[in-house]
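Predicted model only: the values in this text are computed from it and were never measured. We number each residue from 1, following the sequence as shown. In each ligand, atom 1 is the first atom listed, and ligand 1 is the first ligand listed.
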Amino acid sequence: MADKLDLIPITEWGFFTLPRPMVIAGPCSAESEAQVMETAKGLASFGIHMFRAGIWKPRTHPGCFEGIGMPGLKWLQKVKETYGMFVCTEVANRDHVQACLDHGLDMLWIGARTTANPFLMQEIADALRGTDIPVLVKNPVSPDLELWIGALERLNRAGVRKLGVIHRGFSAFQSTTYRNDPGWRIAIELRTRFPELPFFADPSHMGGDRKYLLELSQRAMDLGLEGLMIESHCNPSQALSDAKQQITPEELRAMLCEQIVVRDADSQSADYRDNIDQLRARIDVIDENLLSILQSRMSVSEKIGAYKKDHNIAILQMGRWDALLDDMVRKGEREGLDERFLRSLFSVIHEESVRIQNVVLWEKEK
Ligand code: PEP
Ligand code: MN
């Protein structure tokens, strides 16, 4: 397992520059030459340098638009020639890689479904051996950090040194506000382990709806990520894939130029990733996770309350609690946490748990 990746800094790839955010934009799918060219024109008009468009689309169900395939690569070439933009697309096997190299694409990305497949990742890595095209790796669909790192390692061992990641959230069984759970803590963990790895967020696939784009993009910037990949279409409501989450180039311009606030202590200094705003943003994510953990714990307490009531068991069994508390304190101390802090924290949690169980008891007796 690698604890270091051999990387070429993103500012040396030839198309991304500071200040943040570095932006990749373009439609979910290349649909027609006219749609590709019109969207690219809109994006180029306010300085977007990196154009994205899906050529082969990994759709959940068969029968949906599965991408235009090879003809779309010619349209991307035309975007390069006409607007001087750089172009990128998603690859999912060695044939895609070869076709992209043959058509002079500037960058590739690996989709979430492919990152999750070590066989395909190895095939793609082998196809990239000896080339120097940059590759961005989206997180796998499940929140599996090691699988994500494994995909990066395969590429890096094959000599891909212009390497970065795109965080697009994780599939969830239950529907949540967002299409994909942001799971920011996993992104933070990856960033902590590989601080030099260029980091993009994909608020389009994370949110699944254009109404969440600004808040998710802002969160990515507050966490200090380098860039954003955003889906933009000249006519979003007519898009053949991901219509709900795409915005027009003009809407993207307004969001980037007028709405997002990007703070950098000093983007030139070596420790800019650790400025106070970014550390606070990390704390916010951790606190949100604490809230959801507390909520799960209290809902289990509620069930225990009902169970005790049904079986006529007293709510408080002090002997059991004392033993549990001692055990938690021992575990916490091993993690470097203070004993007094742990005792008072768990006492408050326990008190609340007893209160909830009492409420259940009371409600049931009414
Ligand atoms: C895409 O970028 O259009 C795409 C299919 O994304 P993901 O792999 O994140 O689902
Ligand atoms: Mn899409």
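Distance CD/Glu189 to CD1/Ile149: 7.5 Å, rounded to 0.5 Å.
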Notebook entry, point to check: Stepwise, does the salt bridge (Lys or Arg N to Asp or Glu O under 4.0 Å) test hold for Lys331 with Asp327?
Noted result: CA-CA 6 Å; Lys331 284 183 184 150; Asp327 191 42; 3.3 Å; yes
Item checked: CA sep, side-chain torsions, deciding dist, call: Arg253, Glu258, salt bridge (Lys or Arg N to Asp or Glu O under 4.0 Å) -> CA-CA 8 Å; Arg253 187 205 60 74; Glu258 294 161 16; 3.1 Å; yes
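Around the Mn ion (ligand 2), protein N, O or S atoms at less than 2.8 Å comprise Cys28 SG, His205 NE2, Glu231 OE2, Asp242 OD2.
Contact annotation: Gly54 has no heavy atom less than 4.0 Å from any atom of ligand 1.
Near Arg168, with a cut-off below 4.0 Å to any heavy atom, the atoms of ligand 1 are 7 (P), 9 (O), 10 (O). Within the listing of ligand 1, atoms 8 (O) sit less than 4.0 angstrom from a heavy atom of Gly111.
With no hydrogens or angles considered, a side-chain donor-acceptor pair links Tyr178 and Glu215 at under 3.5 Å.
Of the N or O atoms in Arg113, one or more lie within a sub-3.5 Å distance of an N or O in ligand 1. Remark: ligand 1 and His205 share an N or O pair separated by less than 3.5 Å (distance only, no angle test).
For Asp222 and Arg219, the salt-bridge test fails: no basic side-chain N is under 4.0 Å from an acidic carboxylate O.
Among protein heavy atoms, atom 5 (C) of ligand 1 sits closest to Glu90 OE1, 3.5 Å. Atom 7 (P) of ligand 1 has Lys138 NZ, 3.5 Å as its closest protein atom, hydrogens excluded (heavy atom only).
The residue Met229 has no part lying near ligand 1, judged by heavy-atom distances below 4.0 Å.
Side chain of Gln357 to main chain of Lys308: no donor-acceptor pair is present (N/O by atom type, distance under 3.5 Å, no hydrogens or angles). In terms of modelled atom types and a separation under 3.5 Å, the side chain of Glu66 and the main chain of Arg59 share no donor-acceptor contact.
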